[in-house]
2 protein chains.
Amino acid sequence: MSTLKYTVIKTTKRIRIKDIAEKANVSIGTVDRVIHNRGEVNAETKAKILKILEELDYRPNLLASTLASKKTHEFAVLLPEVSNPDAYWNKPLNGVREAAAELQQYGVSIKLHQFSQNDPASFAAKANLIMESKPEGVVLAPFFFRESNEFVEKLNAQQIPFVFIDSNISGRNKLSFIGQNSFQSGMLAAKLFDYSLPPDATILIIHFGKELDNLNHPKQRERGFYNYFETKTGEAFEKLYSFEIETANDPRFFEMIDKKIEEIGGVSGIFVTNSQVHRIAEYLVTRNIQHVRLIGHDLVRKNAEFMRAGVVDFLICQRPEEQGHQAIQTLFDHIILKKQVRTDNYTSIDIVTKENLDYYKEFNLSNYGTN
Amino acid sequence: MSTLKYTVIKTTKRIRIKDIAEKANVSIGTVDRVIHNRGEVNAETKAKILKILEELDYRPNLLASTLASKKTHEFAVLLPEVSNPDAYWNKPLNGVREAAAELQQYGVSIKLHQFSQNDPASFAAKANLIMESKPEGVVLAPFFFRESNEFVEKLNAQQIPFVFIDSNISGRNKLSFIGQNSFQSGMLAAKLFDYSLPPDATILIIHFGKELDNLNHPKQRERGFYNYFETKTGEAFEKLYSFEIETANDPRFFEMIDKKIEEIGGVSGIFVTNSQVHRIAEYLVTRNIQHVRLIGHDLVRKNAEFMRAGVVDFLICQRPEEQGHQAIQTLFDHIILKKQVRTDNYTSIDIVTKENLDYYKEFNLSNYGTN
DNA sequence: CTGAAAGCGCTTACAG
DNA sequence: CTGAAAGCGCTTACAG
């Protein structure tokens with residue numbers, strides 16, 4: 001009752017420009033000039049003010065400063081088009097939207113540009129539009145290697161900071177990368193098979209998409225997958241096969257798979273290296289094939305449905321909303337708050353199953369209401 | 001080059017009090033009075049202003065309003081003491097700290113009160129201190145059922161909104177609950193055993209702690225665990241046994257386990273229903289018992305270490321930092337922003353393994369630096 | 001090179 | 001019941 005014992009988290013003893021000015025015997029205008037380094041200040045006074053600033057650990061009041069400056073900060077975002085609300089790329093976009101709403105009151109405005117996933121030229125065209133609009137910062141998914149490099153070169157030339165989202169290109173002087181470590185996620189997929197299948201099981205790895213290079217998630221995931229089994233010691237190795245499918249829209253899609261499976265003498269497990277795993281789920285259901293362990297990526301609606309139905313066993317996910325949100329936040333921290341930011345931001349590698357599916361944000365319907 | 005095609009996410013066309021005032025032919029003071037409902041306004045003018053407010057969808061500028069009002073908002077937080085930096089309860093606390101730092105500039109100040117996990121009286125004492133300090137909102141872990149109820153009754157009497165964190169008590173007029181759905185997390189643990197052990201395996205469930213009731217995570221997890229196997233059809237059931245250990249500090253701890261395992265004729269899997277799984281890991285290492293599938297909860301340092309060493313196979317986690325952060329944010333949203341908030345907030349149920357361990361925030365060391 | 005003044009959108013006494 | 005004024009901490013021309 002008497003011995004008050006508690007901790008106050010973060011006390012505020014705000015130092016204002018005015019306090020600095022008084023201590024230095026100058027006007028607040030002069031202090032402001034040195035804080036923002038906009039010259040025209042006597043070297044001596046400047047030094048004196050700088051010292052006081054340091055001593056008193058002055059932190060500007062962000063509220064006041066953004067309120068006073070009607071300045072607005074423009075960021076540009078370059079992402080793939082989304083054909084429907086269930087598409088994967090809608091998720092990072094939602095994260096971007098969230099961040100946009102939060103930072104709006106600080107004068108941040110975000111322009112979204114979208115390119116076609118089948119058309120590198122559209123990427124380049126949008127990149128040019130972005131350059132013309134001279135944004136203060138850029139978030140991009142470096143989807144096409146060549147075009148991304150060209151874009152990033154221009155950004156560097158103009159000293160515009162940029163953040164890679166989803167995929168990374170190294171050595172390009174980026175501000176930050178935010179996405180999944182695909183190699184590790186491949187390792188994890190392998191482990192899940194290893195734990196849930198007998199040692200001599202046959203596993204088929206399926207890639208969807210064309211022109212896969214080593215920058216892509218699929219190839220990195222495959223590398224991680226093989227790596228897990230290669231470094232596993234003591235036990236028999238599983239039998240592993242890889243298979244590439246250009247597009248699931250090919251009418252002969254099912255027959256191709258039939259043939260492949262026959263060729264390798266049946267399968268116990270299938271690993272799809274991207275979010276298209278629902279295509280294989282469809283195949284298994286149609287062909288009435290049961291007891292095949294099926295693992296893929298990303299919590300898009302169709303994958304969730306096949307998971308609920310018990311066809312997809314595990315989905316490995318990467319928090320795409322968080323990626324979008326964090327990319328914008330990183331730009332804000334660097335440009336407006338002048339904070340140090342992290343160069344590499346790997347998002348968590350989540351294992352989603354039927355049992356925890358509903359606890360991943362994406363599918364949480366709002367449940368406002370009474371107690 | 002020419003057809004600019006982009007979307008601006010969130011445009012701001014700020015309506016100010018001044019705009020409302022002009023449209024209503026009154027002064028901004030009057031508008032302010034109706035906005036804050038502090039009476040003394042002619043009924044007719046009030047109606048008129050209300051209508052304009054609605055029409056123009058007026059949103060107050062949070063920056064300006066917090067800057068102008070030197071008002072400070074005090075929240076109180078009641079959590080268990082943390083004996084060392086690796087303790088579980090340090091994690092929600094870090095989330096609280098994060099939120100405190102972010103909301104500081106809005107005048108939010110947070111007082112932290114901590115009780116002993118072995119002493120219900122200390123909980124009650126701290127609760128009284130909180131009542132005396134008359135905070136605007138409270139976050140609490142309802143650790144002791146009786147004492148929590150008493151506290152919550154007083155809060156309700158004073159109309160102070162409160163948020164439960166970690167555990168929930170239903171029907172107490174809470175503002176919100178933030179934590180894990182333990183029943184589901186138990187189901188998930190069961191599934192992981194089911195996938196990775198043969199159908200007739202023997203599994204031992206171990207609870208640490210005393211006086212476990214149905215409100216606790218452990219019992220709920222156990223219920224979910226049994227439920228999974230009970231509802232599983234078609235295959236043989238695993239053999240399941242439960243075992244309660246009051247404290248791992250008991251010198252006869254290892255012998256107790258020896259005896260139990262002998263009694264049930266050996267085990268293939270052990271499930272520990274809380275973060276103490278490292279105790280069992282120690283046991284297995286000391287006794288040199290291998291090939292036992294070991295699953296537990298929460299990413300505390302010791303658990304992570306035994307996971308890296310390959311002794312713990314899976315950890316089921318609940319994002320404790322997020323819980324702390326969100327609890328404070330919820331109070332802020334309700335009290336300052338007057339937003340509608342969610343009554344139940346279940347955090348994700350994460351499956352952590354050796355392969356994705358490093359991608360869970362808690363153990364990400366900072367990697368500031370160059371590209 | 002430096003100071004004084006107006007203003008950002010809101011809140012808070014104060015006068016009438 | 002209502003308006004006018006000062007002030008929150010900062011920014012931005014402007015005058016000297």
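Each chain gets a letter, A, B and so on, in the order the sequences are listed, and its residues count up from 1.
- At most 12 non-hydrogen atoms from other residues, nucleotides or ligands lie less than 6.0 angstrom from NZ of B:K51.
- Checked against the 6.0 Å centroid threshold, B:F164 and B:F177 do not count as a close aromatic pair.
- In this structure, of D:dG9, D:dT12, D:dT2, it is D:dT2 that holds the atom nearest to the side chain of B:T30.
- Residues B:S27 and A:L63 each lie close to DNA chain D; by heavy-atom proximity, the contact nearer the 5' end of the strand is made by B:S27.
- If you measure from atom CG of B:L67 to atom P of D:dT11, you get 12 Å, rounded to the nearest angstrom.
- Applying the 6.0 Å contact sphere to CD of A:E81 captures more than 12 heavy atoms from other residues, nucleotides or ligands.
- When distances are taken from the side chain of A:V26 to each of C:dG3, D:dG9, C:dC10, the shortest belongs to C:dG3.
- Backbone-only contact: B:T45 has heavy atoms under 4.0 Å from sugar-phosphate atoms and none from a base.
- Nucleotide D:dC1 has C:dG16 as its partner under the Watson-Crick or G-U criteria, with both atom distances under 3.5 Å.
- When the P atom of C:dT11 is taken as reference, atom CG of B:D32 falls 5 Å away, rounded to whole Å.
- The interatomic distance linking A:L62 (CG) with D:dC8 (P) rounds to 19 Å, in whole Å.
- To the nearest angstrom, P of D:dG9 lies 11 Å from CD1 of A:I17.
- Separating the CZ atom of A:R33 from the C1' atom of D:dC10 is a distance of 14 Å, rounded to the nearest angstrom.
- At whole-Å resolution of the value, CG in B:D19 and C1' in C:dG9 are 10 Å apart.
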So A:E44 and A:K48, salt bridge (Lys or Arg N to Asp or Glu O under 4.0 Å) or not? Walk me through it. CA-CA 6 Å; A:E44 253 176 68; A:K48 183 164 65 171; over 6 Å; no
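- When each of B:I28 and B:K70 is assigned the nucleotide of DNA chain D bearing its nearest heavy atom, the one mapping closer to the 5' terminus is B:I28.
- The distance between atom CG of B:L56 and atom C1' of C:dG9, rounded to the nearest whole Å, is 16 Å.
- The NZ atom of B:K18 sits 16 Å away from the P atom of C:dT11 (whole-angstrom rounding).
- Of the candidates D:dG9, D:dG7, D:dT2, D:dT2 carries the atom nearest the B:N42 side chain, counting heavy atoms from C-beta on.
- The pair B:D57-B:R59 meets the salt-bridge criterion, since a charged nitrogen lies less than 4.0 angstrom from a carboxylate oxygen.
- A close approach under 4.0 Å does occur between a side-chain nitrogen or oxygen of B:Y58 and OP1 or OP2 of C:dC10.
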